[in-house]
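Just the heavy atoms: all of them, side chains too, but no hydrogens, waters or symmetry mates, feed the values below. Because the structure is predicted, anything quoted here is derived from the model rather than measured.
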Protein chains: 2
Amino acid sequence: MQNALADEYRRLSRDTTTHQPLAYLRLRRAIRNVIQHRDIEPGQTLPSERDLSQALGLSRVTVRKAIAGLVEEGLLTQRHGAGTFVAERIVKPMSRLTSFTEDLRARGLHPRSEFFERSVGEVTPEESMALNLSPGVLVVRLHRVRYAEDEPLAIERSVVPASVLPDPHEVHDSLYEALEHHNCRPVRALQRLRAVLLGARQARLLHVTTGSAGLHIERRGFLDDGRVVEFTTSWYRGDIYDFVAELQTD
Amino acid sequence: MQNALADEYRRLSRDTTTHQPLAYLRLRRAIRNVIQHRDIEPGQTLPSERDLSQALGLSRVTVRKAIAGLVEEGLLTQRHGAGTFVAERIVKPMSRLTSFTEDLRARGLHPRSEFFERSVGEVTPEESMALNLSPGVLVVRLHRVRYAEDEPLAIERSVVPASVLPDPHEVHDSLYEALEHHNCRPVRALQRLRAVLLGARQARLLHVTTGSAGLHIERRGFLDDGRVVEFTTSWYRGDIYDFVAELQTD
DNA sequence: GGGGGAATCTGGATCGTACCAATGACATAC
DNA sequence: GTATGTCATTGGTACGATCCAGATTCCCCC
């Protein structure tokens with residue numbers, strides 16, 4: 001049955017828990033799901049845009065918008081005149097996505113967190129944007145200073161959908177370990193990094209002087225089906241943190 | 001007159017040499033050009049989508065498509081209800097090994113270098129360590145400030161073995177282009193990055209105040225066969241540079 | 001004079017329609 | 001049998017029109 005996609009889309013439309021009011025995002029998710037369930041194998045074609053829009057009662061523009069995002073992500077490829085195909089994924093190992101805690105432990109250090117906030121609440125508009133969630137959905141917030149051997153290294157503020165991590169107190173040191181227990185450890189992340197001067201409050205928490213150099217990092221962690229499971233904002237001390245990256249041509 | 005954009009668009013539409021038949025690409029080009037010419041300063045708003053579509057005789061959908069691409073590139077940002085703004089920061093993907101010059105050209109900017117040093121000499125001990133060369137070997141040194149549209153972006157100090165690039169004056173803007181002529185363009189690089197405070201001399205060169213946030217980056221570029229062809233140390237302005245990275249688990 | 005709310009900006013989503021251009025399958029001509 | 005040309009199908013661009021939702025402005029009322 002090639003209607004797996006239409007069925008999945010309609011299921012998501014009825015689904016009240018994860019209700020996504022935006023048609024194109026709903027369709028995007030539906031396509032991801034059928035790909036993940038191997039209802040359409042890599043290399044196979046999706047139904048044509050016209051067929052899809054007719055079957056789903058959406059305009060072709062909306063269908064195209066949903067598809068465009070997945071093409072951008074690399075999950076689909078399009079060939080003019082031929083069709084839209086599920087990409088045969090080429091996984092490029094770039095930089096490693098590692099857990100702060102596991103990282104430090106691997107270096108023989110003892111990482112530790114001090115929380116000032118560990119709560120559950122409804123997403124704010126910004127969070128809903130970053131995590132791709134509908135308004136009103138619950139999220140877990142973790143706000144903490146991370147230490148190694150009593151030396152503060154970073155301030156971190158993580159937001160995770162409560163659907164993947166219901167209880168903030170499950171996280172002791174490592175968020176990623178807690179996520180792993182729910183089989184929701186991110187496999188890919190996008191990170192944005194900039195140099196900043198640390199403000200008074202940040203500097204105090206990190207035991208440095210106000211106006212020291214710091215790195216401001218925003219990270220969004222994804223599952224392999226593309227769902228966002230983590231949105232973390234952090235400030236690292238510039239004086240003890242080096243980031244190493246391996247760059248590659250294409 | 002705020003019609004610089006409309007004028008530029010119409011100019012491109014008439015222009016037969018670079019004639020771009022696709023309206024949305026033409027508009028994208030036009031927007032890039034006006035940004036480049038500082039007709040609209042970073043932080044300033046573009047005309048609204050409705051105004052643009054009316055002024056240019058395009059549909060709003062087409063205008064949105066043109067803008068969407070530039071938002072994706074990081075050249076524009078949009079705020080629902082407020083407007084579309086020229087981005088104040090340069091977003092650089094940290095995972096692609098790209099040439100500074102080619103990068104900025106792709107954004108429609110005109111990169112430029114001002115050299116204070118372009119010389120040949122024997123490797124210092126540190127350089128020989130970084131480049132993996134024997135003592136006494138000759139290297140080319142390039143020390144410069146890199147600009148885009150008369151705005152300094154970074155200070156860069158590159159060291160390249162003279163065996164791959166005998167004459168420092170072969171480099172005009174792009175080191176990588178010069179290396180390519182010798183078939184020695186790096187295909188892989190290791191980069192180390194940290195937040196620093198810019199010193200008085202650096203700040204002066206970069207037109208910022210002493211003690212501003214900056215990024216210190218050290219890069220070693222490798223050929224296929226593992227030879228190091230480039231050792232570059234740079235200081236980027238923290239206020240206009242964002243680095244984005246995609247991370248992956250193994 | 002200051003606070004609150006309406007009016008009016010902005011971008012965001014979605015519909016329907018039209019035509020162009022690349023592809024590929026099938027039928028036809030040699 | 002193979003080459004060629006037609007044609008249905010697919011994605012690509014572009015139009016016009018609505019409605020919704022955030023952001024700002026500004027004015028009126030207390």
Side-chain angles (χ1 to χ4, degrees), chain A residues 2 5 9-10 12-13 19-31 40 43-72 75-87 122-130 132-136, chain B residues 2 5 9-10 12-13 19-31 40 43-72 75-87:
Chain A
Q2 188 45 279
L5 217 182
Y9 176 79
R10 280 191 278 266
L12 287 179
S13 303
H19 187 53
Q20 168 64 69
L22 268 29
Y24 79 96
L25 289 180
R26 222 156 51 213
L27 176 53
R28 199 180 286 185
R29 178 156 308 174
I31 296 175
I40 308 178
Q44 297 303 107
T45 76
L46 245 62
S48 80
E49 297 174 351
R50 284 171 180 81
D51 287 355
L52 265 182
S53 61
Q54 184 146 20
L56 305 178
L58 296 172
S59 85
R60 196 177 148 213
V61 179
T62 304
V63 170
R64 278 180 66 76
K65 187 163 182 182
I67 290 177
L70 296 170
V71 169
E72 180 73 28
L75 211 67
L76 298 176
T77 55
Q78 291 187 298
R79 271 173 45 222
H80 190 171
T84 302
F85 304 82
V86 175
E122 290 192 2
V123 279
T124 66
E126 301 86 51
E127 289 166 358
S128 88
M129 194 65 84
N132 211 349
L133 294 175
S134 317
Chain B
Q2 189 45 274
L5 217 181
Y9 176 79
R10 280 190 279 266
L12 287 179
S13 303
H19 188 53
Q20 167 63 66
L22 267 29
Y24 80 96
L25 289 180
R26 221 156 52 213
L27 176 52
R28 200 179 284 186
R29 180 88 247 163
I31 296 175
I40 308 178
Q44 297 303 108
T45 75
L46 246 61
S48 79
E49 297 174 351
R50 284 170 181 83
D51 286 355
L52 266 182
S53 61
Q54 183 146 19
L56 306 178
L58 296 173
S59 84
R60 194 175 150 216
V61 181
T62 304
V63 171
R64 279 179 66 75
K65 187 164 182 181
I67 291 177
L70 296 170
V71 169
E72 180 74 29
L75 208 69
L76 299 176
T77 55
Q78 291 186 299
R79 270 172 47 220
H80 189 171
T84 302
F85 303 82
V86 176

ask   = Listed by chain and number, what are the side chain to side chain contact (heavy atoms under 4.5 Å, CB included) partners of A:Ala55, not counting sequence neighbours?
value =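 None.
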query = Quick one: side chain to side chain contact (heavy atoms under 4.5 Å, CB included) partners of A:Gln54, sequence neighbours excluded?
reply =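 A:Gln54 satisfies side chain to side chain contact (heavy atoms under 4.5 Å, CB included) with no residue once adjacent residues are dropped.
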key: Pairing residues for B:Arg10 by the salt bridge (Lys or Arg N to Asp or Glu O under 4.0 Å) criterion, not counting sequence neighbours   =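 Testing B:Arg10 for salt bridge (Lys or Arg N to Asp or Glu O under 4.0 Å), a comparison that skips the adjacent residues, returns B:Asp7.
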task = Please identify each residue that fulfils side-chain hydrogen bond (donor to acceptor under 3.5 Å, both in side chains) with A:Arg28, with sequence neighbours left out.
result =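 side-chain hydrogen bond (donor to acceptor under 3.5 Å, both in side chains) check on A:Arg28 returns nothing, list empty.
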ask   = At what distance, to the nearest 0.5 angstrom, does CG of B:Leu27 lie from CG of B:Leu70?
value =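 Reported value, rounded in 0.5 Å steps: 8.0 Å.
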query = Rounded to the nearest 0.5 Å, what separation is found between the CD1 atom of B:Ile31 and the CG atom of B:Leu75?
reply =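 The distance works out to 9.0 Å.
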Residues 57-68 of chain A, side-chain donor-acceptor partners within the protein, below 3.5 Å, at least two apart:
residue	atom	partner	partner atom	Å
A:Ser59	OG	A:Val61	N	3.3
A:Ser59	OG	A:Thr62	N	3.3
A:Ser59	OG	A:Thr62	OG1	3.3
A:Arg60	NE	A:Glu49	OE1	2.9
A:Arg60	NH2	A:Glu49	OE1	3.0
A:Arg64	NH1	A:Glu49	OE1	3.2
A:Arg64	NH1	A:Glu49	OE2	3.1

key: Along DNA chain C, first and last positions that approach a heavy atom of chain A under 4.0 Å   =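 Span of nucleotides near chain A: C:dA13 to C:dG24.
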note = A correct 5'-to-3' footprint of nucleotides 10-19 of chain D, with B, S and - meaning base, sugar-phosphate only and no protein heavy atom under 4.0 Å, is BBBBSBBB-B
